[in-house]
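As structure tokens, the structure follows; a few thoughts come after it.
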Number of protein chains: 2
Amino acid sequence: MGTTQLESVPEPKYWHLKTVIGEALDSEFQVGEILPNERELAARFGVARATLRQALEQLELEGRLQRRRGVGTTVAPPRVGVDVSTARHRWPGAGEESWQAVDCVTAPPPAAVLRLLEADDAPDGGADRPVYAVRRLRATHGQALAAEQLYVPAASVPGLVTSQSLTGPALARGVLRELERLPLEGQDRAVELGSARADDARELDRLPGAPVLVVTTRYLSGGRTAAVSLATYRADTCRLTFGDAGDLQIAS
Amino acid sequence: MGTTQLESVPEPKYWHLKTVIGEALDSEFQVGEILPNERELAARFGVARATLRQALEQLELEGRLQRRRGVGTTVAPPRVGVDVSTARHRWPGAGEESWQAVDCVTAPPPAAVLRLLEADDAPDGGADRPVYAVRRLRATHGQALAAEQLYVPAASVPGLVTSQSLTGPALARGVLRELERLPLEGQDRAVELGSARADDARELDRLPGAPVLVVTTRYLSGGRTAAVSLATYRADTCRLTFGDAGDLQIAS
DNA sequence: CAGTGGTCTAGACCACCGG
DNA sequence: CGGTGGTCTAGACCACTGT
């Protein structure tokens, strides 16, 4: 990656920089290789560090670079295809090895989730009814992919034995096990762009505000919403696939 | 007494700003309302304009704000739920009113698309075989939502009459019409984060590099890939829904 | 500890939009 | 034309990582 003459075109410098560096990544670098640090790159291209950073940010957003404070900037591997297909009609945790239940509390869900859970109930909101908040993590090859918050109203798992001292992971697994006893009638799913909350960011090994793909799933049983899942996937490393498109490989 | 815990983890200013402004949006502003300009907001919060902009960028990424050069910053309406479900098993253009075919040329597809199209063919790549590139736009209420590039190998539409002078939109509609005659056996679909190319950005009324959700669809017929679609949705305004989750409404 | 990326500042000029 | 957001600069300091 040599020094390149930046033309005086209406095209923003950082946009041109992004193109130049992107091409260099294809031709002169290998996955995992460390790039020169930002100060040197900026000097080499004759721009301010902030401008150089704007280009790197874009490349990171597109999953081509990976930057870590205190370490450096490395060439990222191609995005991982993560199956989130709804076709199998399964409850969360049923035969899924990639997810790991890590905790469960009875914290009240955020207002937006409450609206989904209680949409078909009395309009009093029912905010007093207990709701299990199951925390799960999804990983492959030791890499954290997603953090999920699964909200399960206690009414959905009446068989759950709560008298004994089930805590944390054990309680989480208990809730998931009870959920599987219900007949699953359907799922609603939506994907949108978001930014990682502080707790999600920590578990995904990212900084707060990092771009994530938020997958909202509503599990239906008995004509009602039996559970709501809010899963945040690392947008830089994940490509969500539906159906058997696991080998799709497209750059943006 | 020894060490007193004083702000062990200083929250970045822009992160705090984002929270403060976000709360103000909920309580003191209405959809469509214009915010004070960036220089005044920065002065009001006692920060540099660049820092204030970092907070606004995050809020725009989450779909809470809309900024337009020369105009100002406005409070954005909730994201539009856009149905991209694969369940209906339809060819593109079949009974879809929201899409509008605008053009069609026989340009060669990008390498990544070629790999999908020719995956099951001879490894020579077949780059010489003609491929129709249909351009479509998706809009609701006059708002552009997505721009799509649909690649259809000529071999998939043998019945298409090309002798007459079909051009642009007419040719595009012709290709789509012929596509519907094939038996559609399945679709592979993937969603990932990308940044808008210059041409997409223009049609989506965004600046180049704006965040988009890239939906890659592979249409299967006769055991082969009959067409490949690359659709870019505005990430700031769109929430992609699968199934009948049209009324899902979750903030990130 | 030295070196990395992350945050922040206080300016400047430019591209675009509306009146 | 004036006002807006978009780009860019040349610094500074901070938080984190590895050794």
Side-chain angles (χ1 to χ4, degrees), chain A residues 6-19 21 32-61 65-76 195-196 198 201-202 205-211 236, chain B residues 6-19 21 32-61 65-76 195-196 198 201-202 205-211 236:
Chain A
L6 291 179
E7 309 164 6
S8 65
V9 290
E11 191 178 50
K13 278 188 185 177
Y14 79 91
W15 186 258
H16 188 244
L17 263 183
K18 180 194 135 184
T19 306
I21 299 178
E33 204 171 339
I34 303 181
L35 267 65
N37 70 55
E38 297 182 349
R39 288 162 181 85
E40 181 180 336
L41 278 180
R44 199 182 292 190
F45 286 108
V47 300
R49 189 175 156 223
T51 305
L52 185 272
R53 278 179 59 80
Q54 231 177 320
L56 296 188
E57 266 154 33
Q58 283 246 355
L59 289 168
E60 189 181 29
L61 200 77
L65 288 181
Q66 200 157 342
R67 301 147 87 202
R68 284 192 310 181
R69 167 156 52 178
V71 180
T73 302
T74 60
V75 181
S195 46
R202 189 167 10 87
D205 193 28
R206 301 263 69 194
L207 290 177
D236 56 341
Chain B
L6 48 112
E7 205 63 47
S8 64
V9 181
E11 194 177 46
K13 276 189 186 177
Y14 79 91
W15 186 258
H16 187 244
L17 263 182
K18 181 194 137 185
T19 306
I21 298 177
E33 204 171 340
I34 303 180
L35 268 65
N37 70 56
E38 296 182 350
R39 289 162 180 85
E40 181 179 336
L41 278 179
R44 195 180 295 188
F45 287 107
V47 300
R49 190 177 155 222
T51 305
L52 185 271
R53 277 179 61 80
Q54 230 178 320
L56 296 188
E57 267 154 32
Q58 283 246 356
L59 289 168
E60 189 181 29
L61 199 77
L65 287 180
Q66 198 157 343
R67 301 146 90 201
R68 283 193 308 180
R69 168 157 50 179
V71 179
T73 302
T74 59
V75 181
S195 47
R202 190 168 6 88
D205 191 29
R206 299 265 69 194
L207 290 176
D236 56 342

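Hydrogens, waters and symmetry mates play no part in the numbers below; they use all other heavy atoms, side chains included. Numbers restart at 1 for each chain; the letters A, B, ... are given by sequence-line order, proteins then strands.
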What residues form a salt bridge (Lys or Arg N to Asp or Glu O under 4.0 Å) with A:Lys18, not counting sequence neighbours?
A:Glu62
Judged by each residue's nearest nucleotide on DNA chain C, which is more toward the 5′ side, B:Leu52 or A:Arg49?
A:Arg49
Result for 5'-nearest mapping on DNA chain C, choosing between B:Arg39 and A:Glu57, is A:Glu57
Counted 5' to 3', the first and last nucleotides of DNA chain C within 4.0 Å (strictly under) of a heavy-atom of chain A are C:dG3 to C:dT7
For A:Thr74 and A:Arg68, what are the C-alpha separation, side-chain angles and deciding distance, and is it a side chain to side chain contact (heavy atoms under 4.5 Å, CB included)?
CA-CA 8 Å; A:Thr74 60; A:Arg68 284 192 310 181; over 6 Å; no
Taking only residues two or more places apart in sequence, or in another chain, which ones meet [X] in a side-chain contact (heavy atoms from CB on, under 4.5 Å)?
X: A:Arg69; answer: A:Leu207
X: B:Ala201; answer: B:Ala196, B:Pro208
X: B:Pro211; answer: A:Leu193, B:Leu61, B:Leu193, B:Ala235
X: A:Thr19; answer: A:Glu23

What's B:Arg68 touching, base or sugar-phosphate or nothing? Going by heavy atoms closer than 4.0 Å.
sugar-phosphate
Under 4.0 angstrom, heavy atoms only, what part of the nucleic acid is B:Leu56 near: base, sugar-phosphate, or nothing?
nothing
To the nearest angstrom, the NZ-C1' distance between B:Lys13 and D:dA15 comes to 16 Å
Between D:dC14 atom P and A:Leu207 atom CG, what is the distance in whole Å?
18 Å
Point-to-point distance, once rounded to the nearest 0.5 Å, from CG of A:Leu35 to CD of A:Glu33
7.5 Å
Can you work out whether A:Asp205 or A:Ala48 has the more 5'-proximal nearest nucleotide on DNA chain D?
A:Ala48
According to a strict under-4.0 Å criterion, is B:Asn37 in side-chain N/O contact with OP1 or OP2 of D:dT4?
yes
Which pairs of donor and acceptor atoms, one on a side chain in residues 44-56 of chain B, lie under 3.5 Å apart (sequence neighbours left out)?
residue : atom : partner : partner atom : Å
B:Arg44 : NH2  : B:Glu40 : OE2          : 2.6
B:Arg49 : NE   : B:Glu38 : OE1          : 3.0
B:Arg49 : NH2  : B:Glu38 : OE1          : 3.1
B:Arg53 : NH1  : B:Glu38 : OE1          : 3.2
B:Arg53 : NH1  : B:Glu38 : OE2          : 3.0

I need the residues from residues 69-76 of chain B with at least one non-hydrogen atom less than 4.0 Å from DNA chain D; give them sorted by number, or say none.
B:Arg69, B:Gly70, B:Val71, B:Gly72, B:Thr73
Residues passing the side chain to side chain donor-acceptor pair (under 3.5 Å) test with B:Glu60, sequence neighbours excluded, are B:Arg67, B:Arg206
